[in-house]
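Report on the following structure.
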Amino acid sequence: MQYKITVKHIFFLFAVVCINTTIAQVDSIQYYKEKIKTFSQSSTYSENSTTYIDLINNLSYQLRYSGLDTMNIITERAMELSKLLKYKKGELEALTNFSAFYLYRGGTENSIKYCQKVLSDNELIDYPRLEMKVYNHLGQAYYIKQEYPLSYTYFLQGLALGEKHKNKFYVFLMNMNLGTMFNLLEDYDEAKLFYTSAFELSKKTKDANMDAMLSSNLAFLHIQTGDFDKAKNYLNKSIVHFEYSKNKEWLAFSLSTLAQLYLKSKKYNEAIINYQKALSVHGSDNDIKGRADIYYGLAKSYYEIQDITKAEEYINESLSLYSSFNLNTGLEKCYRILYQIKKEQNQISKSLEYLELTEKLANDIFIEKNKRNLNMLNTKLNFEKEKDDLKAKNELAIDQQRKYVKWSLAALLTSFIIVLIILNSVKREKLLNKKLENQAIVLKDNQKTLSKINQNQDRLFSIVGHDLRGPIISLKELLDLYIEDPEGKKYFEKFAPQLRDDLEQVQFTMDNLLHWGKNQMKGSSIKLERISVSNEIENILHFFNKEIKKKYIKIDNQIINNHYAFADLDQFNVIFRNLISNAIKFTPNEGKITLTSKIKNANLLIEIYDTGVGMSELTLSKLFKDTEHISTSGTNLEKGTGLGLRLAKEMIVKNNGEIFVQSKINEGSHFIVELPLPTI
């Protein structure tokens, strides 16, 4: 999901860098103007001086909220003078200010470009504060682009650099912004960890503005986790500060958060009052997302007090704003309220339309959130590995330096000692290489395991999200209509037959999922026994009797009565239920399915022929691969999950058997299962 909004839409929740942490932003501008004025009146004044460049660079950065055009002009002048004097610090500071200019203006890509230019300069190592500022800009820029793993990485790099240089302010800042990022991503446990670290450090920075920002974000977090008393205490503190400092953006956010607290506490009139206050503070600001959230809160509050007209008015305003930048989470909650409103207005058709939109978006958000969490976990693991690698390299470098000292001392003594040290070094190097090789093997195995987990999770999300939730939601809505609506019985009778078929498919799918899950568990065992193939196949055919009759399929069962297989009975039934189910699914009306058995060497061959739609060579090549997900509707649009054949293959292999497939498009398919014969 991509959308373009200015930095204020998301940025105002993040902590910001203040050059002077004891004064407000407007005062900071005046502070540097006075400093420049004083310097210009001194006897040492010259524009061609590093002091002047530093002052205008600092003033430029303070103008990022209230004077972007002036900021751009001053930054260009600072860059011009820095190049003239070959003043590297001034040049890097100006480049960093350009990155801030575009970040606050909404030009995220240009902001990233200037940040990367600063990072590529070899002399940046001499200015760690600038490097930390650049990492902060990159973290926020990538958050706006919704590339959360990159945002997470750059904030972590800024945090690591702050800890390395013992810069308490930047350590606080990075912890604050990491907490805010996870707060916005609804990972409240992770957010709480970073906010706790920031809280400990805020006592040492003694910055009232930062303390108020942290209080507002902590209040938002506590509301989501249900601790309303703590949230209100934090908000009372932050609102007083932002009113005094006239910080409109944070005051609007704090008032909106207080309104959300009242909404969740079911104090709807108080919620409306504070949402209206927040809206008035916003004024003409172009904070689209902030206004969209406020309109949604008003709509929800009015709906709860049964003022449906105002609720509909505000929810349409909110929907329009969320739609302008395609924010799925906003759209989903707007559609849910519209579903409820239309239901109240007895517009059943429109209500169901909004419900369908709601469920689709909810499903997409659920899948996207899980994928994002996996990506974030992978990013964290990679970052920790890089830190460990860097630590190992540093330790190796220190160790090498110690060796050089030892060699120098040893050279003063005897050449014999030098030889011993060299031999010892070679031995240690071999041990280190061996250790690195072992770590590489472990890492590779972990990566394979993670990849398989990701594949299995994606498959389960797809099956549960699309094939199981749909029929269950449909059943719930039909039952609601049946109970609540006078016309509900008619709708129920109309859709009940289709719903029954869907639920039967759900049951079949759930059985497959349970068997598949059991099959994936380490240590799962099988019980081999003598199985009468004829009896079991007859039972399975009887199980599918309704589907067979429905499609007028002819069954030619040529399984020989005295043929036996040596396998696990439960798994035997799962295998052939899936194979016969597939044959029925892909065989057209009035088609034919043939089952035969024969003994070959020490094995029993059970074959299933159908006159169905068949498969292409490409489909055959992907049929049993774990990396592929094939889900195809049957000839009568029967649903499938793509899980059955893989499950059958896994169980056949576990029972010391094999499976072969032959198929041609429009000529049907031929499945051959080879299982061992009983030894007795």
Side-chain angles (χ1 to χ4, degrees), residues 445 448-460 462-463 508-534 536-537 539-540 559 563-583 585-586 595-610 615 617-632 640-663 669-680:
D445 290 342
K448 287 180 180 178
T449 302
L450 182 61
S451 295
K452 188 170 182 180
I453 290 170
N454 288 345
Q455 291 166 11
N456 289 341
Q457 180 167 277
D458 286 345
R459 191 183 305 162
L460 283 173
S462 177
I463 293 167
F508 187 71
T509 301
M510 286 296 296
D511 288 342
N512 271 344
L513 281 172
L514 290 171
H515 284 293
W516 179 79
K518 183 179 178 182
N519 212 43
Q520 297 298 312
M521 291 173 61
K522 292 183 179 180
S524 62
S525 59
I526 61 174
K527 181 182 177 182
L528 300 176
E529 59 182 286
R530 191 170 184 263
I531 296 170
S532 172
V533 175
S534 176
E536 296 306 323
I537 294 296
N539 290 337
I540 293 168
I559 302 293
H563 277 174
Y564 297 90
F566 192 58
D568 182 278
L569 181 58
D570 286 340
Q571 294 193 8
F572 179 92
N573 279 299
V574 172
I575 291 164
F576 286 98
R577 276 179 66 181
N578 276 289
L579 292 177
I580 291 171
S581 173
N582 266 15
K585 176 179 171 183
F586 293 108
L595 299 97
T596 67
S597 64
K598 62 182 177 183
I599 294 174
K600 182 180 178 182
N601 299 329
N603 295 319
L604 178 68
L605 271 62
I606 304 167
E607 302 180 62
I608 302 173
Y609 303 81
D610 67 60
M615 291 176 279
E617 291 293 332
L618 179 62
T619 302
L620 282 171
S621 68
K622 297 178 179 179
L623 205 55
F624 297 116
K625 287 185 178 178
D626 285 337
T627 56
E628 302 290 341
H629 182 74
I630 302 172
S631 178
T632 310
T641 65
L643 180 66
L645 286 178
R646 291 187 181 88
L647 179 60
K649 166 81 177 212
E650 290 176 8
M651 288 185 170
I652 289 167
V653 171
K654 273 197 171 186
N655 283 272
N656 305 311
E658 291 186 76
I659 184 169
F660 308 95
V661 188
Q662 299 168 1
S663 186
S669 299
H670 175 199
F671 284 81
I672 305 165
V673 178
E674 187 175 314
L675 292 170
L677 289 168
T679 54
I680 300 174

* Short question: side chain of D568, backbone of K527 - any donor-acceptor pair under 3.5 Å? -> yes
* To do: Rounded to the nearest 0.5 Å, what's the gap from CD on Q571 to CD1 on I531? Could you check?
  => 9.5 Å
* Asked: Are side-chain heavy atoms of I606 and L595 found at a separation under 4.5 Å?
  -> no
* Asked: Taking the side chain as C-beta and beyond, is there a heavy-atom pair between I608 and T596 under 4.5 Å?
  -> no
* Verify, without hydrogens or angle tests, whether N573 (side chain) and I540 (backbone) share a donor-acceptor contact under 3.5 angstrom. => no
* Asked: Between I537 and F576, is any pair of side-chain heavy atoms under 4.5 Å apart?
  -> yes
* Asked: Which atom names give the shortest non-hydrogen contact between E658 and I652, and what distance separates them?
  -> N-CG2, 3.4 Å
* **Reported CG-to-CG distance for the pair L569 and L528, which is rounded to 0.5 angstrom** => 11.5 Å
* To do: Check side chain to side chain contact (heavy atoms under 4.5 Å, CB included) between L677 and all other residues, then give those that pass, not counting sequence neighbours.
  => I599, L604
* Structure fact -> For E536, the salt bridge (charged side-chain N to carboxylate O under 4.0 Å, His left out) test, sequence neighbours excluded, returns none
* Structure fact -> CZ (F566) and CD (E529) are apart, to the nearest 0.5 Å, by 8.5 Å
* With a 4.5 Å limit on heavy-atom distance, are the side chains of F586 and M615 in contact? -> no
* Asked: Could you state the interatomic distance from CG (N603) to NZ (K600), rounded to the nearest 0.5 Å?
  -> 9.0 Å
* To do: Please report the shortest heavy-atom distance between K598 and H563, naming the atom on each side.
  => CA-CE1, 3.8 Å
* Point-to-point distance, once rounded to the nearest 0.5 Å, from CZ of F671 to CD1 of I575 -> 13.0 Å
* Structure fact -> So CD1 of I659 and CG of L579: to nearest 0.5 Å the spacing works out to 5.0 Å
* Locate the shortest heavy-atom distance separating I672 from Q662; write the atom from each residue and the value. => CD1-NE2, 4.3 Å
* Nearest atoms (heavy-atom pairs only) where S532 meets Y564 -> CA-CD2, 3.6 Å
* Asked: When V653 is tested against each of K649, E650, M651 for side chain to side chain contact (heavy atoms under 4.5 Å, CB included), which residue passes?
  -> K649
